[in-house]
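One structure below.
Residue numbering restarts at 1 for every chain, and letters A, B, ... go by the order of the sequence lines.
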Amino acid sequence: MQLINEPDTDFHLKLNEQLFHIPYVMLQRNYKRWNECLHTEESLLADELAQFNALMNYKDLNNDKQAVSVLTKLIKRIDAFEKRIEKIATHEMELLDRIDHRIKFFKLLQQTKTENDRSGLLQWYQQYTNLLICDYLTRNSPLPQNNEMNPGESFLLQHHLDKLLDHRVLVNANKISKELTEHHDLTALLNWVKENNAHLGQRHSQLEFKARFQEYIDVLKSGHHAKAIECLQSHLLKFMSSNSKEIQTACGLIVYIDTCAELLRTDEQQDNSSADLSKEYLHRFTTHVSKNKSAAYQHFFRCDSPFESQSSFAKTSLNSLDTMASFFNSTNLSEYMDLLKEERWQQLNELFLDEYYSLYGISKDDPLLIYLSLGISTLKTHACLEHIGDSSGSHSILDTTLHQQEHLNPCPVCSENFAPLAKDLPYAHHTESKLFDNPVMLPNGNVYDLKKLEQLAQKLRRKKIFPLQEYEILDPIDKEVYSKSDYITMYPT
Amino acid sequence: MAKLLGKLEAEFEKLTGGHEAGGSGLRQTLSDTQDLKQQLRKLKAHLNKNIQEREGSPQDNKLMKKRAVIQDKVNKCYKVWDHAVKRQGKAVGLRYACFRKDALAQLKGAPLEEIYQHKIAPANRAFVDRAIGFHISRYNVGDLPLDEGANIVQYLETAYRVDRAASERLAPMGRMIHDLRRHEFDSCAAWASDHGDSVTPRLQFELFILKALQMVKVSGTTHTVKYLIDNVPQNLITYSEDSTYKDVSAALLAKMVLGHELPDIDAIIQERLQSCIRIFTHEFCAQNSLPFDSPLFLTVLSGIISLQYFIKYNQIRAASHVGWTTRDELPFDVELPDFLSHFHPIFICPVLKEETTSENPPYSLSCHHIISKKALDRLSKNGNLSFKCPYCPVHTTMIKTKRVNFVIL
């Protein structure tokens, strides 16, 4: 049954697979926790039981008393275990309840369809739209300040839709992501990486490496060399086999950043090409390094063999200015400058969201935006966006009345917020004309719906906005008066 | 019809059904564990008692036998628990796997992201945010949990980050709807009379009825009758045939005068209130050149309807390796319901089967059939010949054609 040519319920279910997938993933995680909990507790309980039996086997009073205390311990342990699995079971109930609510939500859709309840169906779509909005807001809101709630979440609660969306999962992603882009804070991300190591490992994810690399770059940027080296040694070197190229660059960066630290500041603003600056760098580098401040780096380079080529390079470069020049003219420098760019946080953020969403099977693009893009294209006609921006100069009552008439056009594509989006999207394709009943042409070539034209004339007469005779009508576009005998009935096919 | 939904429901029933404690069976382990705890506590008490008794008479064989039974029972109840918990754990795991295989796996297959070809640029997100702001304001402005005198604009901004530009335009409407809900009709009535002629008289009528109903409830017969007589709106005649008036107001009034018991007046008031709010919202939006339905909602709805076409098209394209030839036009026609089409006139040239545009406008022939400029050029060999209308026997020359412009009012 279709009321407004909408897709069937099963299609909607498929579209919203994630509404069931996410709680399922969480159910499974919960079940895994239950298994782990049972596994550890069971062996401990079995141990204690064995202890109890051993003591009992002596069959004397003293050992029996000890056996009682072992039994007490056993009961206490069971008590603690019980509390843990109670939590797990409660969590499971909550997750199952969510699935239950969602099934009911789609049953409601099916019900409106079978009952032919058009307004019910539109109401359902209103709810659905609200869900999409919540999803969008939850994902994209900036970090809330002073204990404010995520706007998407509060909207959900306000509309009692909280069981229909896994908002906690989205809020968590939003928090970690915004910590990265707004505060350049990696703590939350690194914690998450630690918790989900198994998943990331399965996907051969670069996330941990990239995060640690960014941490290293950030420490270096703030000028803490020792700390940076520590970070490099403890967190980055283990990726040597998979990311040797980047680690080499990381080592090079420490030299680069120290040499050009001051230039960098101006550099970020002016965004000059590296070739222009190379002479300046060269000068700095030679004077700087010749002060033998590089002893620290040499120490560092020597301590790890893969960098030997680099360290020897550094030594030779001290002697040979030519090599230095070629060093700076090579493209290597832009590589370093790229490392220091702000965009890297954005890239890291995208990588994180990729991994996070893949874990729960959440779509990467915001569903709201997908629907909007498709929807605008489906609605966009060649006549859209044409009248936008032309407001008439004079403001007589006639003008405002006519203007209002025109601006009442509820075309969503022409609305002020969607017109800018619509510009880049394709037009809808039509194979049939969609016009109006009783089309009549006025002598100026404008074709109107006869009834609407006469209604307008009536309104103008009644409110005495414009003096019109009973047999006259007004063309709202060129504001000319025509007689009803001027009508020409049209036959558009 | 909804096979998948039925399947999903049935599988979910399998996952959760048949357990007294509810859930998938994990809860059962909880009660089993509680049982174990109780039993062990009891056995511990027995053992303690046994020890005490044996301290009095150390060589009592009966007591030693009892002791052995206690030990046995401890082991046994642990074993039973262990077995049950493991069995349940396994069963739950199986149930999960079944749910995945038989329900979740069936839901796959609507690749939303593959269809999302024309992405909305990040730079345009600000517009999306504003559209959301308007949507939230439009549909919620009358239902906000506001304290007395709280500012609607402020509330929307802090709770949902709604842009002031959107909420400010709708805040007055919100305030008046709040008043209506609190049965204070004056602000709305004042607004209606301020806008005089341009507001439909229906609103005034609804307000009149609403106030009368409220008086029925609060003020008693005489006052209500007086109010009804004194305040009869001019348009009462127009609506007196209306079923609302006849069924609700007149009937109610008659009952009141006769001293009969009144039906549930609150429900009637509530119903009238909803209708009044709907009419008022319509009027307010029309007066302020605001769309009655939020553009966001209409667009999302069109998006949902079009999705099936996009998916079908993608499947066909993948199967037959055809590309999308028209860059700036969708390759298929999406059938939208009436309220989502007819925003603009669409004219398809019957000769070329193309939509007319400003570059290729429609022209009327002398028989008042309409074709596009390009078709006209072709038929008349660039205006040199007279030609027969493709739809009727009438011949037309270029001079007799006229450019037309469709306008929807």
Side-chain angles (χ1 to χ4, degrees), chain A residues 4-7 9-10 13-15 17 56 64 71 75 78 82 85-86 89 92-93 96 103 106 110 125 129 133 151 154 365 369-375 378-379 381-383 407 410-412 415 417-418 420-421 425-427 429-431 433-435 445-448 452 490-493, chain B residues 2 4-5 9 16 23 26-27 30 33 37 40 44 51 71 107 109-110 112 116 118 120 124 127 130-132 159-161 289 291 295 297-303 305-306 308 328-330 333-335 337 341 343-348 350 355 357 368-370 402-407 409:
Chain A
I4 53 168
N5 198 24
E6 78 284 1
T9 313
D10 284 355
L13 269 182
K14 283 184 171 186
L15 281 181
E17 190 251 350
M56 287 295 274
D64 275 10
L71 200 56
I75 292 169
I78 292 175
E82 184 197 311
I85 59 168
E86 180 166 19
E92 188 196 43
M93 291 299 277
L96 290 173
I103 292 177
F106 286 100
Q110 182 61 26
Y125 277 119
T129 309
I133 290 176
S154 42
D365 293 300
L369 295 186
I370 300 179
Y371 287 120
L372 284 183
S373 161
L374 301 190
T378 313
L379 290 168
T381 65
H382 286 277
H407 274 251
C411 171
S415 71
N417 293 321
F418 287 146
L421 303 185
L425 297 173
Y427 291 98
H429 178 76
H430 293 278
T431 48
S433 299
K434 290 192 175 77
L435 294 169
N446 288 340
V447 181
Y448 295 98
K452 294 277 177 66
M490 298 307 289
Y491 304 101
T493 42
Chain B
L4 266 180
L5 182 66
E9 209 188 345
T16 56
L26 285 187
R27 272 225 164 247
L30 186 66
T33 311
K37 200 173 73 182
L40 287 181
K44 185 182 132 190
I51 291 170
Q71 186 187 358
L107 297 183
L112 254 187
Y116 188 31
H118 296 271
I120 288 177
N124 279 334
F127 295 111
R130 253 176 266 158
I132 291 177
Y160 309 133
R161 293 175 188 279
S289 300
F297 173 61
L298 296 180
T299 310
V300 166
L301 198 54
S302 313
I305 293 171
S306 72
Q308 34 191 345
D328 63 342
E329 199 172 287
L330 297 181
D333 188 2
V334 177
E335 208 181 302
S341 33
F343 292 118
H344 296 286
I346 293 161
F347 182 70
I348 307 296
E355 193 180 336
T357 60
H368 304 147
H369 284 111
I370 302 173
K402 185 171 182 59
R403 181 174 167 165
V404 298
N405 176 25
F406 295 100
V407 188
L409 285 180

Between [options], which shows the greatest number of heavy-atom pairs under 4.5 Å with chain A?
| options | answer |
| --- | --- |
| Leu30(B), Leu40(B), Leu298(B) | Leu30(B) |
| Arg130(B), Glu335(B), Gln71(B) | Gln71(B) |
| Pro291(B), Pro350(B), Pro345(B), Pro337(B) | Pro337(B) |
| Asn124(B), Ile370(B), Ile348(B) | Ile348(B) |

Main chain of [Y], side chain of [X]: is a donor-acceptor contact present, judged purely on distance under 3.5 Å?
| X | Y | result |
| --- | --- | --- |
| Asp10(A) | Leu4(B) | yes |
| Gln308(B) | Asn5(A) | yes |
| Thr357(B) | His382(A) | no |

Reported [atom1]-to-[atom2] distance for the pair [X] and [Y], which is rounded to 0.5 angstrom:
| X | Y | atom1 | atom2 | result |
| --- | --- | --- | --- | --- |
| Tyr491(A) | His369(B) | OH | NE2 | 8.0 Å |
| Thr299(B) | Leu379(A) | OG1 | CG | 5.5 Å |
| Arg403(B) | Asn446(A) | CZ | CG | 10.0 Å |
| Tyr125(A) | Ile305(B) | OH | CD1 | 7.0 Å |
| Leu96(A) | Thr16(B) | CG | OG1 | 6.5 Å |

Specify the closest pair of heavy atoms between [X] and [Y], including all atoms of both residues, with the distance to one decimal.
| X | Y | answer |
| --- | --- | --- |
| Phe343(B) | Pro412(A) | CE1-CD, 3.5 Å |
| Phe127(B) | Asn417(A) | CB-O, 3.3 Å |
| Glu17(A) | Leu107(B) | CG-CB, 3.6 Å |
| His344(B) | Ala383(A) | CB-CB, 3.8 Å |
| His368(B) | Met490(A) | O-CE, 3.8 Å |
| Leu374(A) | Ser306(B) | CB-OG, 3.7 Å |

Is [X] close to chain A through its backbone or its side chain, or both, or neither, when contacts mean heavy atoms under 4.5 Å?
| X | answer |
| --- | --- |
| Lys44(B) | both |
| Ser341(B) | side chain |
| Leu5(B) | both |

Taking the side chain as C-beta and beyond, is there a heavy-atom pair between Leu369(A) and Tyr116(B) under 4.5 Å?
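Leu369(A) reaches Tyr116(B) side chain to side chain.
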Would a 4.5 Å heavy-atom cut-off, applied to side chains only, mark Leu372(A) and Ile120(B) as touching?
yes
Which of the residues [options] is involved in the greatest number of heavy-atom pairs with chain B at under 4.5 angstrom?
| options | result |
| --- | --- |
| Asp365(A), Ile85(A), Thr381(A), Leu71(A) | Asp365(A) |
| Pro151(A), Ser433(A), Ala89(A), Gly375(A) | Ser433(A) |
| Ile78(A), Ile103(A), Ile370(A) | Ile370(A) |

Contacts of type side-chain hydrogen bond (donor to acceptor under 3.5 Å, both in side chains), residue Lys452(A), not counting sequence neighbours:
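Here no residue qualifies.
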Which portion of Ile133(A) sits near chain B, non-hydrogen atoms under 4.5 angstrom
side chain
Which bit of Tyr448(A) is near chain B, if near means a heavy-atom gap under 4.5 Å: side chain, backbone, both or neither?
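Both backbone and side chain of Tyr448(A) come within 4.5 Å of chain B.
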Contacts of Lys37(B) meeting salt bridge (charged side-chain N to carboxylate O under 4.0 Å, His left out) (sequence neighbours excluded), chain-then-number -> Asp79(A), Glu82(A)
